[in-house]
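To start, the structure under review is shown below, and the notes come after it.
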2 protein chains.
Amino acid sequence: MTDIGDKSQRGFSGFNPGTEVRSHVKGSAGMAHHTIYDIARLAGVSGKTVSRVLNQEPGVSPLTRARITKLIDQLGYQPHSGARSMRGQRRDCVGVVFTAPPEVVPISNQQIQWMFEELYRIFGMRGKFICFDLNPFESPDGSDYARALWQQRCSGCVIHGPLPIHDQTVHRIHQSGSPYMAMNRLDSLPEICFASPDYEEAAYLSTKFLIDRGHTRIGMLKGWEGYQAGVERWRGYVRALEEAGLPLDEALVRAVTFDAHDIAAATHRLLLDFSTTAIVDCSSTEKAAPLVEGARFAGRAPGKDFEVVVWTYAAQATVLKEACAHVWLPLREAAAEGLALLVQWFDKEREEPFQVLYRPTLYETAPDAALPTPTPIFNTLR
Amino acid sequence: MTDIGDKSQRGFSGFNPGTEVRSHVKGSAGMAHHTIYDIARLAGVSGKTVSRVLNQEPGVSPLTRARITKLIDQLGYQPHSGARSMRGQRRDCVGVVFTAPPEVVPISNQQIQWMFEELYRIFGMRGKFICFDLNPFESPDGSDYARALWQQRCSGCVIHGPLPIHDQTVHRIHQSGSPYMAMNRLDSLPEICFASPDYEEAAYLSTKFLIDRGHTRIGMLKGWEGYQAGVERWRGYVRALEEAGLPLDEALVRAVTFDAHDIAAATHRLLLDFSTTAIVDCSSTEKAAPLVEGARFAGRAPGKDFEVVVWTYAAQATVLKEACAHVWLPLREAAAEGLALLVQWFDKEREEPFQVLYRPTLYETAPDAALPTPTPIFNTLR
DNA sequence: CTGTTAGCGCATTCAC
DNA sequence: GTGAATGCGCTAACAG
């Protein structure tokens, strides 16, 4: 952080704001906000009449309405959201809450970006606010991730991130009757409102594909240990083996985090055993470099002495050139559909939770191969 | 949207929620929220005492405090944010407002992602909420982009996107005394609080670099027409020409949007004139494909019969292999520093607006060239 | 068509 | 140490 005086550098544009910042409004609040009574006084009517205009209620003469509307515009008056939220429940703000700290769910994940686009398209376009609760998980009750909802800062929420197996918060949200949507299923709450790809199916598909290619000892880099999404991966893996009558070696399934070293180490240990001839990378990282790195340490290389199936959340993505197949999890597509339903719930165009489940798709890695469009398995929308 | 009955597909996981979603809380609000008086009654104290505990105020015996704390935890009570916001001004929510509709500022821009990371690091970690106002710009008063602030939904804001030349809203925000930070300067408000790279300097650097390589007719793909950021690009361009004693041909400066066709067309028209031997691409798109496309239509190719300088917001980025140089605008670095100052303002650790300006850096395109670290030109921080 | 009253949940002021 | 009263800005229910 250099000082203001750093003008000697070449090309300084000659603008020195250091001296200009002076007469800024001091301490005491700056301009006070207006209230309906300010407008009412100026318009010579009662507060309630202004309220009626604001809320497009009938019972105001066109002339009065026009006068008030004009005043509102002139003063740039906007009603105090806090005061409004204390009377009936308005639904003009969605919360986005995160179930896990950033070590577990990297905020830099691509998902943030498209999530944002979808939220904009669906909520922003309807004039709603979007409030992110980036919960500080160090706090004592970090496990309750829905502060924004309990504080009635927003009237419903999207639950982003994997659900902890023994999640309590989501039960409470469900019970509260507020509109919400999780991005995962949860065993302990079968009636949960969610939009998600079918992770179990993806694990099953991945494993079966490798079995069909003749592999019998298949490793798995399994993300989300301790979360429902991890359980589902495990189930799909086991189901494929059972169906094929192959033995289950638990050591082949390695729980990994988003940490590159962790993934490299897990891969390394898996591949030191040369009987392991294939790996399903369902770490959710969508980055294959650590896997390749781990393999190299074990003296092995993907596509040469072992085969890999990699998961991806983006259609058409090729996470690892040497992979024999990719499994595409249409998370984004599921979320988009879910959000469209959620906003209806917000706006009381629907009453009930919904469930949207999308089928993952396996595609063999080949340049220019045509890829399928996302397939919803089911949803509860009529 | 397929129906629930779509179970016939292979690999359906056997879980049919359609039948399970039933006994969901109906209409009438679900569980009511608690108030301090609920806690007070259960603890056998008055509301004020609970309030004291909530706000860590003195004047409560340790025993009473413990009893109340326990109740709060058990019931998962959280104070109503709306009610709180009606008494003194709390500062627990930053707004992020957008100055322009998504046609002008694509929401899919990379910036959203790192913006999010920074906001998380700096505001989220302090337990603050982050409220995006994705203003529906179709609405009549779309030009007032700070709804979130006027509604007192949040107590300060980050102004994202380019500032319109005749921006009124930012004046009002400045005047209100609320903490805020723009990501651009503004001629009409020299004392504006901002964090930004120096766009004028970047335009100057780009143009001068090309002049020094012998070019005399240099085209510019200029983003942000009608916005301050566009004006600054123009100024830097003009300054470089003047300094070199070269004539100014206004037709060489083409205002472009983020639309690929637009950029391709502008490039095409620039290059049809074979006396144009260089282009500065400061469209802000960070994508060079449309430029190459436009050139191709004009029968020309970058690096062969004309030279290009491309702007980028990411260090190390090579937007176009054939570019002779890149100009890096340390927008992210400026924003990070600005946000750190803004949060201090929020927390009353500082009183005044600040100004952070970062110097752009030109680097010639070469593999493995070492790149410089960002250089602040000035800020008002001690 | 318009106004009055009351109260949402909390924090401030002052009293005990 | 604690509690009662008051009011923040708004709107639902009721009067006129």
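Proteins come first, then strands; the chains are lettered A, B, ... in the order of their sequence lines, and each starts at number 1. Predicted, not measured: the structure shown is a model, and the values here were computed from it.
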4.5 Å side-chain heavy-atom contact, [X] and [Y]:
{"X": "Ile36(B)", "Y": "His80(B)", "value": "no"}
{"X": "Trp150(B)", "Y": "Ile173(B)", "value": "yes"}
{"X": "Val105(B)", "Y": "Pro162(B)", "value": "yes"}
{"X": "Phe354(A)", "Y": "Trp345(A)", "value": "yes"}

Return the orientation label for the Phe98(A) and Phe116(B) ring planes: parallel under 30°, perpendicular over 60°, tilted otherwise.
-> tilted
Measure from the ring center of Phe129(B) to the ring center of Phe123(B) and say whether it is less than 6.0 Å.
-> no
For this output row, return yes or no: ring centroids of Phe132(B) and Phe132(A) closer than 6.0 angstrom.
-> yes
Whole angstrom is fine here: how far is it from [atom1] in [X] over to [atom2] in [N]?
{"X": "His80(A)", "N": "dG7(D)", "atom1": "NE2", "atom2": "C1'", "answer": "13 Å"}
{"X": "Met86(B)", "N": "dT6(D)", "atom1": "CE", "atom2": "P", "answer": "17 Å"}
{"X": "Gln89(A)", "N": "dC10(D)", "atom1": "CD", "atom2": "P", "answer": "19 Å"}
{"X": "Arg87(A)", "N": "dA12(D)", "atom1": "CZ", "atom2": "C1'", "answer": "6 Å"}

Considering only heavy atoms, which members of residues 36-67 of chain A lie under 4.0 Å from some atom of DNA chain C?
-> Val45(A), Ser46(A), Lys48(A), Thr49(A), Arg52(A), Gly59(A), Val60(A), Ser61(A), Thr64(A)
With sequence neighbours excluded, tell me which residues meet side chain to side chain donor-acceptor pair (under 3.5 Å) with [X].
{"X": "Asp133(A)", "answer": "Arg147(A)"}
{"X": "Ser61(A)", "answer": "Thr64(A)"}
{"X": "Arg65(B)", "answer": "none"}

Please work out the stems of DNA chain C from pairs that are Watson-Crick or G-U wobble with both distances under 3.5 Å, keeping only runs of three or more consecutive pairs.
-> C:1-16 with D:1-16
5' to 3' contact window, DNA chain C with chain A (heavy-atom distance under 4.0 Å) | dC1(C) to dG9(C)
